Number of protein chains: 2
Amino acid sequence: MKINKKSPLPIYYQIQEMIRGKLESGEWPPGYMLPSERIFAEEFDVSRMTVRQAVTELVSEQLLTREKGKGTFVAEHKIEQMLQGLTSFTEDMKARGMKASSELQLFQMEEADAATARLLQLKGGSVYRMERLRLADNKPMALENSYLHAEMFPGLGKEAASGSIYNRLEQDYGITIGSADQSLEASLASEREAELLGIAPGAPVLLISRTTYTADGEPFEHVISSYRGDRYKFRIHMPR
Amino acid sequence: MKINKKSPLPIYYQIQEMIRGKLESGEWPPGYMLPSERIFAEEFDVSRMTVRQAVTELVSEQLLTREKGKGTFVAEHKIEQMLQGLTSFTEDMKARGMKASSELQLFQMEEADAATARLLQLKGGSVYRMERLRLADNKPMALENSYLHAEMFPGLGKEAASGSIYNRLEQDYGITIGSADQSLEASLASEREAELLGIAPGAPVLLISRTTYTADGEPFEHVISSYRGDRYKFRIHMPR
DNA sequence: AAAATATAGTTGTCTATACCAATTATGCTG
DNA sequence: CAGCATAATTGGTATAGACAACTATATTTT
């Protein structure tokens with residue numbers, strides 16, 4: 001519980017991160033009343049306004065709530081926060097109470113088509129393409145085509161396709177996952193999709209396209225998935 | 001462009017609302033550089049910190065962006081903003097640069113089926129049911145079935161179906177729209193859907209179900225829409 | 001015992017000032 | 001004219017203090 005006034009990091013930021021730590025560790029659980037702003041200011045020997053600057057941002061992120069005359073409290077966990085997180089197929093199925101698995105159909109480096117190159121903001125034209133059949137409780141659920149920015153992940157092998165690829169990318173290539181754009185549309189199963197998914201050609205499929213960005217805003221993957229229309233619903237909660 | 005120092009409303013709030021007005025009216029378009037904080041402070045004869053308090057909140061709402069050494073600017077409209085707010089069909093189409101209209105097919109009070117009654121947490125079993133064909137640039141885009149909690153909106157007439165029904169509910173019945181749960185799935189057009197939407201029976205449609213809640217958490221409407229798969233993509237941005 | 005009052009502690013608002021860091025405009029110099 | 005140093009302007013950080021609005025508790029009065 002210390003701050004360093006000589007650090008190049010702003011004082012308010014140090015206090016903010018300290019509080020964030022208490023929240024994440026659970027040391028300050030939901031409902032907990034924080035030390036008052038004056039106490040904080042005295043403790044760190046800073047001005048009260050500096051403390052307020054630290055707290056204000058956390059309040060606007062809805063991690064804390066202020067109550068006039070009472071104090072500042074740790075906010076209750078909200079359902080919405082769940083939906084902020086980006087879901088991988090594995091996590092999605094787990095949340096639905098099903099066991100996820102994959103069958104790798106294809107892994108190769110290839111030249112990106114124009115649309116993919118544009119979405120990934122490629123200079124060089126190479127991408128890793130990975131086609132995986134996604135299973136839930138050992139039954140086909142979706143056919144997934146991933147395109148990975150080849151320059152960003154040199155030497156990526158097909159063994160990456162098993163297990164969580166995001167963990168691999170974060171650990172071995174030092175990227176941090178940021179945001180994602182998704183689009184959903186209805187379509188009909190092609191011959192190939194139908195065969196792999198075990199449905200009739202022309203049966204409905206939900207087409208989900210996702211472009212995922214690093215925390216720096218660089219796009220690093222584009223995924224197009226065809227989900228069985230009879231087995232999959234995409235759910236979303238829109239807060240406020 | 002005035003503020004009232006004797007108003008019970010805080011000064012920073014008055015400034016904030018003034019800026020919000022300029023943004024909404026379009027007087028300050030995206031990219032516009034705001035007067036500097038010092039100019040503002042002088043103009044209103046308040047401290048610069050007070051101006052900063054007004055601006056800070058708008059920045060955290062992503063309506064403005066600050067750039068050190070350059071100035072404060074009106075943010076570009078981001079796709080994300082569309083998806084944060086709850087979108088009505090009208091707003092959705094407007095955001096896509098199309099003109100929205102409707103053809104009312106049906107408006108009646110009826111007994112809710114079990115699923116609808118559960119979703120709307122009905123005690124009495126009555127709902128208003130409203131079927132509308134939704135057009136974008138005068139071409140069929142979706143067929144929409146709305147179920148409204150009848151007890152909450154006594155005396156609602158079919159004239160409500162034209163124009164923005166949300167405005168009507170907010171103004172006449174004093175509700176505030178809160179959150180919504182949505183689910184999306186792929187399906188095939190039924191005979192009736194196909195005819196109204198102008199597509200072949202069995203063509204792909206995107207089925208969107210939405211339950212909308214008031215700010216108090218009371219569900220007040222359930223909507224099931226069938227969107228033409230060839231014309232509509234649902235887009236969503238997942239932050240962080 | 002109940003009601004009114006005081007008191008202390010909390011966040012909310014606002015001031016006036018100071019210096020720092022990044023960017024842009026200006027004017028000088030070669 | 002190009003390049004460079006300087007100044008001016010902008011937002012970023014931080015201080016110290018003041019009063020207001022609100023809440024909870026303790027004290028006094030009725």
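The model shown is predicted, which means the values in this text are computed figures rather than measured ones. Residue numbering restarts at 1 for every chain, and letters A, B, ... go by the order of the sequence lines.
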*With A/Tyr227, which residues qualify under ring pair (Phe, Tyr, Trp, His ring centres under 6.0 Å), at least two apart?*
A/Tyr232
*asked:* Does either side chain, that of B/His222 or that of B/Thr116, offer a donor lying less than 3.5 Å from an acceptor on the other one?
replied: no
*All pairs passing side chain to side chain donor-acceptor pair (under 3.5 Å) where residues 4-13 of chain B contributes a residue, at least two apart*: none
_Applying ring pair (Phe, Tyr, Trp, His ring centres under 6.0 Å), can you list everything that pairs with A/Phe153, at least two apart in sequence or on another chain?_
A/Tyr173
*Report yes if the side chains of A/Met130 and A/Asn145 come closer than 4.5 Å at any heavy-atom pair, otherwise no.*
no
_As a test of reading the structure: which of C/dC19, C/dC14, C/dT11 is closest to the side chain of B/Arg38, going by heavy atoms?_
C/dC19
Atom pairs under 3.5 Å: protein N/O with N/O of nucleotides 23-25 of chain C:
none

*asked:* So if I take residues 42-58 of chain A and measure heavy-atom distances to DNA chain D, which residues fall below 4.0 Å?
replied: A/Val46, A/Ser47, A/Arg48, A/Met49, A/Thr50, A/Gln53
*With sequence neighbours left out, what residues match B/Phe89 under ring pair (Phe, Tyr, Trp, His ring centres under 6.0 Å)?*
none
_Those residues that, when tested against B/Glu27, pass side-chain contact (heavy atoms from CB on, under 4.5 Å) (two or more places apart)_ = B/Lys22, B/Ser25
For residues 43-51 of chain A, which side-chain donor-acceptor pairs fall under 3.5 Å, sequence neighbours excluded?
residue, atom, partner, partner atom, Å
A/Ser47, OG, A/Met49, N, 3.0
A/Arg48, NE, A/Glu37, OE1, 2.9
A/Arg48, NH2, A/Glu37, OE1, 3.0

*Which nucleotide of DNA chain D is the first, and which the last, in the 5' to 3' direction, to come under 4.0 Å of a heavy atom belonging to chain A?*
D/dT13 to D/dA24
_Residues in side-chain contact (heavy atoms from CB on, under 4.5 Å) contact with B/Asp137, at least two apart in sequence or another chain_ = B/Met98, B/Lys99
*List in chain and number order the residues that pass side chain to side chain donor-acceptor pair (under 3.5 Å) with A/Ser209, two or more places apart in sequence or in another chain; answer none if no residue qualifies.*
none
_When the axes are fitted on five pairs at both termini, how much does the helix from C/dA1-D/dT30 to C/dG30-D/dC1 curve, in 10° steps?_
10°
